[in-house]
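In each ligand, atom 1 is the first atom listed, and ligand 1 is the first ligand listed. Source: prediction; values computed, not measured.
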Amino acid sequence: MLTFAFHTYGCQMNVRESEAAAHALLDAGFALAPNEELADIIIVNSCSVRGKAEDKALGKLGLLCSRKREHPNRIVGLMGCMAQRLGESIFQRVPRLDFAIGTRCTERIVQAVNAALAGKQTLALRALHERPDASSGHVVDGQFSAYVTILLGCNRRCTYCIVPDVRGNEWSRPAREVIAEVRVLSKQGVKEVTLLGQSIMNYGLRTPVFTNDDPPSPGGYVLPFPRLLEAIAAIPGIERIRFTSGHPAGVTPELIRLFAEEPKLCKHLHLPVQSGSTRVLSRMRRGYTRDGYLEAVARLRHAVPEIAITTDIIVGFPGETESDFQETRSLMNAAEFDNAFIFKYSPRPGTVSATWEDDVSEEEKSRRNQILLDDQDVRGAFRNQQLIGSSQRVLAEGPSLRNKSKWSGRTSSNKIVIFTAPKGLQSGDFIDLTIVRAAPQTLYAD
Ligand code: SAH
Ligand code: SF4
Ligand code: F3S
């Protein structure tokens, strides 16, 4: 039996699509390889969001293709955002690549692998305005947590961002289809779902996702996104619901009420801010100001004091001055982020900001990056220390990667907890733990 392995870069959406592609291959009679070295088929799922992400995938493909000398029958394929962006030209860069599959035709994987086995190179691209095939839920044995994509593409077009070019226009899956998928997942033992979408609170704002046949919202939610969350919370077996990524415009009174009232909705919001300077935010075309963002955070924290808020930041955006940067620093303090992902600006071909001079030096970007990381370490440690002595309900994941004698799990606020597992504890079980120690990114319990 031929075996396959995936090497996935990028965001959760790619992780989800690698899973879907893997299931298609399993259904077609291929088997998962015990490791990449032994695989007959290796598929790289790529990300285009920063230049470095593409360099990594290209480097990996180059290496895999050069090893074809030792593994002449090995098939090497590419999927994801870089395949979508580069299209035909990927075969000039990586001539021995067997196939490339764009972002809206993951289901073509089996065909592409079979064509490669017959010695044919395949390029599968679907125009980004076409709707993708319906997806369905599938899990591997023992899987208790799953991603569910509810919103494809993005219409925001922030000036630095390539995602709309590689993922296409926003398209919301019908609520019925999403609910059916989560039902299937829950029947297979999934307890936690993470809903995915680039600007996820836009769910259902452009195209109707509920029909007149759908029962009305018991909680009276009118906006499609809170209404969908409520419907998913009503599915038996689903204990936790997460979603990503948020935007301050979606922090509506309805969403805040749901965070406060629905215990299954995890107390965590990933709310990328990108910059603390209104001037930079407007050049990024983010659609909010510094004050608007902080106000959304304040409303959330007021109604749901235990909520954890995390963010993404870009340092060194074209024209970002020292004083803009200091505003980002102070906003991060004011928002009291629990965690932050900080990226150095990378000009992406075809985006608006790529036509502006990339005028913050690499050195300066690194300096700003490091300052924010150090700040966040102190802030993260401080925030986590407040939790010492508190009792937290933790979803047990399994033995910790760093210390196999301990287990790790997550709180509702998405914080990692390291603990000693009592006898009989299984992955996917809930356990109530008292926090005894805290580090910037980790909690420890007895
Ligand atoms: N849809 C999400 C972001 C998806 S991309 C949102 O808008 O919140 C993930 C993160 O990558 C972004 O939040 C941003 O911080 C970063 N990013 C996107 N384009 C980038 C670029 N050109 N250079 C550096 N970082 C970038
Ligand atoms: Fe990119 Fe902006 Fe869309 Fe996020 S909201 S994916 S940053 S264009
Ligand atoms: Fe990267 Fe594509 Fe996700 S560009 S961040 S993998 S949508």
(request) Would you kindly check if the NZ (Lys) or CZ (Arg) of Arg240 is within the cone defined by 45 degrees around the ring axis of Phe144 and under 6.0 Å from the six-membered ring centre? (result) no
(message) Does Arg104 qualify as a cation-pi partner of Trp171, given the criterion of NZ or CZ under 6.0 Å from the six-membered ring centre and within 45 degrees of its axis?
(response) no
(request) Just let me know how Pro272 lines up against ligand 2, side chain, backbone, both or neither, with a heavy-atom cut-off below 4.0 Å. (result) neither
Looking at every non-hydrogen atom in both residues, tell me the closest pair between [X] and [Y] and how far apart they are.
X	Y	value
Thr106	Ala21	CG2-CB, 3.8 Å
Glu36	Ala5	CA-CB, 4.0 Å
Thr207	Ser172	OG1-CB, 4.1 Å
Val360	Lys365	O-CE, 3.4 Å
Arg74	Leu38	NH2-N, 4.4 Å

Which ligand 1 atoms does [X] reach within 4.0 Å, using its non-hydrogen atoms?
X	value
Arg348	22 (N)
Tyr160	18 (C), 19 (N), 20 (C), 22 (N)
Tyr345	23 (N), 24 (C)

Minimum-distance protein heavy atom relative to [atom]:
atom	result
atom 4 (Fe) of ligand 2	Arg286 NH1, 4.2 Å
atom 1 (Fe) of ligand 2	Cys161 SG, 2.3 Å
atom 3 (Fe) of ligand 2	Cys154 SG, 2.2 Å
atom 26 (C) of ligand 1	Arg50 NH1, 3.5 Å
atom 3 (Fe) of ligand 3	Cys11 SG, 2.3 Å
atom 4 (S) of ligand 3	Ser48 N, 3.3 Å
atom 7 (S) of ligand 2	Tyr160 OH, 3.3 Å
atom 8 (S) of ligand 2	Cys158 N, 3.3 Å

Number the atoms of ligand 3 from 1 as they appear, then name those within less than 4.0 Å of a heavy atom of [X], with their elements.
X	value
Asn14	6 (S)
Cys47	1 (Fe), 4 (S), 5 (S), 6 (S)
Cys81	2 (Fe), 4 (S), 6 (S), 7 (S)
Gln198	7 (S)

Would you say the side-chain atoms of [X] and [Y] include a donor-acceptor pair closer than 3.5 Å?
X	Y	value
Glu170	Asn202	yes
Ser277	Ser275	no
Ser330	Arg290	yes

(request) For ligand 1, find out whether one of its N or O atoms is nearer than 3.5 Å to an N or O atom of Gln274. (result) yes
(message) Counting only heavy atoms, tell me which of Val49, Asp312, Leu151, Val273 gets closest to atom 13 (O) of ligand 1.
(response) Asp312
(request) Between Gln12, Arg348, Arg167, flag the one that comes closest to atom 7 (S) of ligand 3 by a heavy atom. (result) Arg167
Mode of [X] contact toward ligand 1 - side chain, backbone, both, neither (heavy atoms, under 4.0 Å):
X	value
Phe343	side chain
Arg167	neither
Gln198	both
Lys344	backbone
Pro272	side chain

(message) Do Lys60 and Tyr9 have side chains that approach each other closer than 4.5 Å (heavy atoms only, starting at C-beta)?
(response) yes
Check ligand 2 against [X] and write out every atom of the ligand that is under 4.0 Å from a heavy-atom position of the residue.
X	answer
Val163	6 (S)
Arg157	8 (S)
Pro164	8 (S)
Arg156	5 (S)

(request) Take the angle between the ring planes of His270 and His268 and call it parallel below 30°, perpendicular above 60°, tilted in between. (result) tilted
(request) Can you label the angle between the Tyr160 ring and the Phe317 ring as parallel, tilted or perpendicular, going by 30° and 60°? (result) perpendicular
(message) Distance check, rounded to the nearest 0.5 Å: Arg173 atom CZ versus Leu228 atom CG?
(response) 10.0 Å
(message) Does Glu362, at its CD atom, have more than 12 non-hydrogen atoms belonging to other residues, nucleotides or ligands within less than 6.0 Å?
(response) yes
(message) Check for me whether the distance between the ring centres of Phe225 and Phe243 falls short of 6.0 Å.
(response) yes
